[in-house]
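This report refers to the structure that appears directly beneath it.
Just so you know, these numbers use all the heavy atoms, side chains as well, and skip hydrogens, waters and symmetry mates. The structure presented is a predicted model; accordingly, all values stated were derived computationally and were not measured. We name chains A, B, ... by the order of the sequence lines, and we start the count at 1 in each one.
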Amino acid sequence: MTNLNPINTKQFDSVKNAWCPGCGNHGILAALKQALAELGLEPHEILITSGIGQAAKTPQYIRTNGFNGLHGRALPPALGAHIANKDLKICITSGDGDTFGEGGNHALHNMRRNIDVAHFVHDNQIYGLTKGQASPTTFPGHVTSVQTEGVINQTLNPIAFAIVSGATFVARTFSGDREHLVPIIKAAIQHKGYALVDIMQPCVIFNKENTYQWYRENLYQLPEDHDPTNKIEALSRAFEYEEGKGVPMGIFYQVEKPTFIDQIPKLRDGKPLVDLELNPMKAEKFIKEFL
Amino acid sequence: MTNLNPINTKQFDSVKNAWCPGCGNHGILAALKQALAELGLEPHEILITSGIGQAAKTPQYIRTNGFNGLHGRALPPALGAHIANKDLKICITSGDGDTFGEGGNHALHNMRRNIDVAHFVHDNQIYGLTKGQASPTTFPGHVTSVQTEGVINQTLNPIAFAIVSGATFVARTFSGDREHLVPIIKAAIQHKGYALVDIMQPCVIFNKENTYQWYRENLYQLPEDHDPTNKIEALSRAFEYEEGKGVPMGIFYQVEKPTFIDQIPKLRDGKPLVDLELNPMKAEKFIKEFL
Amino acid sequence: MKKYNLLIGGSAGQGMDTLAHNIEKILQRTGYHLFSNKDYESRVRGGHNFTQIRFSIEPVGSHSNEIDLIIALNDETVEVHREKLVEGGAILCDEKILSLEEGVFSLPIVAGAKEVGDVRTQTTIAFGAFVKLFNLDFELAKTIINDVFKGEILAKNQKALEIGYNMAVSHYELEKPEAETRMLINGNQAIGLGALAGGVTFYGAYPMTPSTSIMTYLASKQGESDIVVEQAEDEIAAINMVLGASYAGVRAMTGTSGGGFSLMVETLGLSGIAELPLVVVNVQRPGPATGLPTRTEQSDLSFILTASHGEIPRMVLAVRNPEDAFYQTTRALNIAEEYQIPVIILSDQYLADANQTIEPFDLSKVTIDRHLATFDPNDTERIYNRYEFTENGISPRIIPGKVKGQVVFIDSDEHDESGHIIEDAETRIKMMDKRMKKLNLLKEIVIEPEYYGVETPDILLVGWGSTQGNIKEAVDLLNSEGKKVGGLIFGDIYPLPTKLLEQYTGIAKTVINVEQNYTGQLAKLIRQETGVTIDKSILKFDGRQILPMEIVDFVRREVL
Amino acid sequence: MKKYNLLIGGSAGQGMDTLAHNIEKILQRTGYHLFSNKDYESRVRGGHNFTQIRFSIEPVGSHSNEIDLIIALNDETVEVHREKLVEGGAILCDEKILSLEEGVFSLPIVAGAKEVGDVRTQTTIAFGAFVKLFNLDFELAKTIINDVFKGEILAKNQKALEIGYNMAVSHYELEKPEAETRMLINGNQAIGLGALAGGVTFYGAYPMTPSTSIMTYLASKQGESDIVVEQAEDEIAAINMVLGASYAGVRAMTGTSGGGFSLMVETLGLSGIAELPLVVVNVQRPGPATGLPTRTEQSDLSFILTASHGEIPRMVLAVRNPEDAFYQTTRALNIAEEYQIPVIILSDQYLADANQTIEPFDLSKVTIDRHLATFDPNDTERIYNRYEFTENGISPRIIPGKVKGQVVFIDSDEHDESGHIIEDAETRIKMMDKRMKKLNLLKEIVIEPEYYGVETPDILLVGWGSTQGNIKEAVDLLNSEGKKVGGLIFGDIYPLPTKLLEQYTGIAKTVINVEQNYTGQLAKLIRQETGVTIDKSILKFDGRQILPMEIVDFVRREVL
Ligand SMILES: Cc1ncc(C[n+]2csc(CCOP(=O)(O)OP(=O)(O)O)c2C)c(N)n1
Ligand SMILES: Cc1ncc(C[n+]2csc(CCOP(=O)(O)OP(=O)(O)O)c2C)c(N)n1
Ligand code: SF4
Ligand code: SF4
Ligand SMILES: [Mg+2]
Ligand SMILES: [Mg+2]
């Protein structure tokens, strides 16, 4: 299932990336190409949006439609493009800082909208591109050049945040575990509604706490009998993270709910907006109302 | 306990308010004055910050120190003032839109900081000042001048949001129930850490769904045996809101955790920053480092 | 014919808006020209609000403070406004407010409403009385009531209309206008209608007075048109949504007021470097910060000319009246797509809320020019490059997803033709040139300001946007006094059209800028762009639109 | 003495910063003047980065592209920069990169590192070789190594230093400088130090290149000073936190780069209307949008002059060198508190990252003038009004919570003296006047630009900020060719000081603005404020700082 098909992934090759050797982003990029190929998607059918950061450079390095916008603003353009053309398969690839720091408000409200996108957070628990300040997911005590006495804020729990905000698919996986990563990426893309995937991604330069080894030691699978439709159970599992039990991974939560588009009959049943004919005369009837 | 002491509340009187007759804000304003008086606080000891909106006008109408800032930006000035002068008792009085719409990111991150403030959300489930558009807490189906087919987004659940984000006191009360309101306001102010109080506040003009009567019919007390230190139990209770069981009220969650200031020894143990002597010569040792 | 000037005053929530609407509608449908403007406070109930309606058989383009008739819904209205009455002016009010005397139509309005059984019908009673007072068509009044009220309150208001009509006597003998069909529309509605005519199918915005009514107008048309309106979580989201939609190929637009615009400026720069069409409406109100939310000002011009860090090409259009608002919106959409730039439409509260009677918009004058490129999907050799270098700097634009095998990649970093990040100086320079030289193309299409007045003016009044009507009326008044005055009122404002400006500033002895701001923002721009120094300034920044008479007084006093 | 120019190149992560630092430190401590600047890409590993270090026994104020010695950590460095070598220039590198020949110091650097047992010590080996090559003091080099490295890697680097020192031969015979004590400091550190000396106890910011090092510098001093540094969730939070802290009575500051500044502009207006002291540093980088994150530009000036909707008084200071950066920061803090306004400090990446040797800062020249009012707590009759009308527009300021019974109320709405919302025109006008007339006070305190050059220049170069050193060197070069040239370099930029400008533009035949932007932003401001039209422009917008020789070439070519 996760066998790499070289013919299919090649179509997604783009310019050479500028990430550090060993960076967890390499694994995510490769897995994303593989997942898209396995799903039989073609570059022009996909739109990837992102903000700014190391993770957010992903659209630069994969040949699909891409909107590499502003720091923290990966989501609103995704929503706009989704409304304009519901046929585009939309992914978001952005960092933990981009998503939950500068972009926190957009994450919250687009999850509430349950828009049909797959959002991959490359969660290196640090601001990589700006050289190692704390991100919302950095653990307490982690010393950085700004948090000189260690982080004191409660860690933002991406899983719990997403479940409470309204995401309908919420999972965690690991950039160092391709066997786990590719199926989750595929499931997220196939899910109808907001899919948030928290991908643990070692930053080999600026995060010396959460290394490959640390993740290997601390990650563990959700139990077989975990019920992903049970919100409270999903949250309990999510909190194991901050209770110091380690880092659970897998699909925490998945429910079917009407998506944003589902709830706007015109968009749901009609042609994509982008395909509608534009004609000034369509406004004629509205002029009459002012007479 | 909730007997109004006219001598004490008078000191908080300010200019005449411009709210509509019958507006739920009147009850909150009166209760706030009463709570402050009962706590023996004086106007100069208190700082109230707010953003913009009907609720956010509260600092205009109560005589304390006040920072009536920008829409959505009630919290960052509160944090700044708190760091500058930990002796100020800080309250935030702002609307549901101000807090969770424009200001969502600040709510999230200041809860993570567990700053020692009491945050009163005047939750009329609507944008009052701008004449009735949906706020993040407006219920699905509610028709407004913008949401012409009814709200489709998942309601933001202030209680669940606050618990997950890191607030350490999370309660709901009702502006029409002074007996419930005043003690909760007092408890929030007395709590050490981030206290979020979701105050249901009828907007008699623009919210014809969630009226006084509707609240009276739908509000119910948390059970006597509710354990406010149990996060999962608190969340289960919080979700009853969107499960259509009605609107539970009371203290959902309260735990003791080190506050922001507690975790910065210099601030915790030292004088307030504002009282430190400023002297350029203090920089002398740093100049040496560049020689 | 004389211009009649009505003032309807009361407190928020008394139903004044409906009363004003009904009066405007009957005047419009009778064939009068009218201009009405609103003065309201930032509150929902109480306070003191008023609407002024000026009408005539000739066009009216400004409000005036010389009132012929006050319709007072409360005592305060009488107190505040009585002194503005002209000789022979009158007050229409309930008998409890004023009793019968010369110049007072003291009527049992409240009693009438009690008879109907609903105090809220007071305003319809006043409307009935007004219809009789001005000898207007009762049947027409009935139609209007039938349009406005629905359900059980309709019958009540029908009754109220009759009661009101019957309690008054006919008093004013107006010249009857020719029956002509005009629209009664305000600036925001005209922008909204322009968006619909211009093919906007996505409007993303966050509520902010006085721009909100563009959003609510468009939202109300979601059922009957192609448009989708989405309320954003904040203004940063709003403009970024719109950019995403524009990227994906629809015509998209956002609107806000100054504070919201302030939050959008980073993304304005994104639109510039990503070369994404964008139309943003800023309906100005007095700043700074929250300022005076429900009042008017023109103080965001300087800001908007250079808003956003770094340098991008942009176009700024100020709209001067509802007609302008409509056609300029449709034009802005075309320009944004043709040049792949942000276009900012500047309006203000005065224009936003002022109802005016104008010629019905001519949709045959509206075109939708998408300037999209075609790309042969079978040409597998060719690779689509979003930022292909071309002679004029404009790269062919295709819609993502529509050409098999080709992708559209946009980037907020400096990039190469394919959109990918670059670091080298050479590409940077070429890309800056590519983008910035669009300004030269824009200079070729800017529309000169309107000149109004005598051919060789001694005094030139220079203004922009919504003061057009006020300035033109002042020009007429001054010229009728024997002065030689002209007004030059800018619509297109950046790039600044300079031809007429240089021509008339060359002729006039005294050049005066008339602006609703403190610093004389147009005058600064003119000096920066042309070196022309303005001699005198009429600057108003109290949140109220300038009156023609204020301009006249200034000129009388200061220009000798 | 000749100026020596070193270039150290490699890819990100090779330890170039440490090597450059060590070389700078030994040169500084030996008594040389030096100027070093960084050219780096927006990536953490790989790519091509380099640092240039120019030193001399005379002051050096600019970089240059004529290289005397390249220290190449990889092949690419040789390829890219070799052609910049002057006659007699040389390359120092590992034997694998180039073998021994005329002008190549080919040394077994990698082999040496292997001997040490840690490839990362390559850079210390190169440092050792450099010390020997330039005949510098080995003991001093040892001290520097001891300062820089800690723990187990110290011993390795000590060993590496020795190996490197021993593998080279002494080659350059430099004039020995007088032993003088100077600081080696870059622009961002100087701003940070200015903040500490100026009494800032709260710095709230969000990371953004190239401003981040102000934050990290201040954060590193949290243990030994009064300052608290808080990382905000976004820039809107950052500036609002700082305003809250300022309101509460401390000196507070924020810093960012253009994109972050764009997000702050709404709150800039709040600072204006609420009359809260605010100091914001904008360390510019090329825009628009994300632009070129690690490079330099001066393209936010026009934006910042009018940033925020509505109209507020503000002061804009451009800093020209580390000394300026330090003293202007302390001055900005005083001005912000005295006038209760926002003060914006404009710097850029070039200055931020350029290390320079300068006279140690003189703290006795720094004052902290709080301009706080006293208020008698026993005077229960009097009520404190935050916005009390006074003659000069500045209201007495007290700290909330410090006067029993008195409260401090600030408001983003237009307000009365007590801070409460108003709607009336009269108060609005008075409040606008109160605030805006502070600009007149600022005009009295602005500092004229630095004039450098011949007394009566034929050619006047006008610039601002970080190009100071580049322009001055160009002036020297041109004057040494017999031209009559002067440079006028603005520090205080708004309100624009006009005295020297008018004086020298009156004398010079050709006035040329030298700016790191596309549109000539200072030239536009000058024309707007004075009507003076600049004749020619040298504009550079490729992310690289202008070289003195580029200015010289332009003048030679264009001014006949
Ligand atoms: C408005 C704005 N603020 C700040 C920045 C600087 N910045 C770029 S990336 C980044 C943080 C990146 O962190 P994260 O999203 O976790 O991505 P990572 O680099 O770790 O993958 C910041 C602060 C910016 N580009 N724009
Ligand atoms: C930047 C900005 N955007 C929008 C507004 C307009 N605005 C003022 S109050 C408000 C919403 C208020 O809703 P809420 O916070 O729920 O307060 P309420 O009036 O209901 O008490 C909005 C959108 C503004 N003042 N500033
Ligand atoms: S700095 Fe960290 S996140 Fe960035 S590319 Fe290097 S390893 Fe990856
Ligand atoms: S509009 Fe609603 S929230 Fe605002 S004052 Fe009136 S009742 Fe209260
Ligand atoms: Mg990260
Ligand atoms: Mg509300």
Measure across [X] and [Y] and return the closest heavy-atom pair with its distance rounded to 0.1 Å.
X: S262(C); Y: S308(D); answer: OG-CA, 3.8 Å
X: D300(C); Y: G310(D); answer: OD1-N, 3.0 Å
X: K524(C); Y: Q528(D); answer: CD-NE2, 3.3 Å

Chain D contact via [X] - which portion, at a heavy-atom distance below 4.5 Å:
X: L305(C); answer: neither
X: I312(C); answer: side chain
X: S302(C); answer: both

What's the spacing between E414(C) CD and S42(D) OG if we round to 0.5 Å? 13.0 Å
Side chain / backbone / both / neither for [X] at chain C, heavy atoms under 4.5 Å:
X: D424(D); answer: backbone
X: Q521(D); answer: side chain
X: T519(D); answer: both
X: F261(D); answer: neither
X: R285(D); answer: neither
X: D433(D); answer: both

Quick one: does [X]'s side chain get under 4.5 Å of [Y]'s, heavy atoms only?
X: V265(C); Y: V265(D); value: yes
X: I236(D); Y: I236(C); value: yes
X: T306(D); Y: T306(C); value: yes

Charged N to carboxylate O under 4.0 angstrom, E529(C) versus R527(D)? no
Does a salt bridge link R295(D) with E423(C), judged by any charged N lying under 4.0 Å from a carboxylate O? yes
Is the backbone of [Y] close enough, under 3.5 Å, to the side chain of [X] for a donor and an acceptor to pair up by distance?
X: E311(D); Y: Y518(C); answer: yes
X: H309(D); Y: S257(C); answer: no
X: R428(D); Y: F541(C); answer: yes

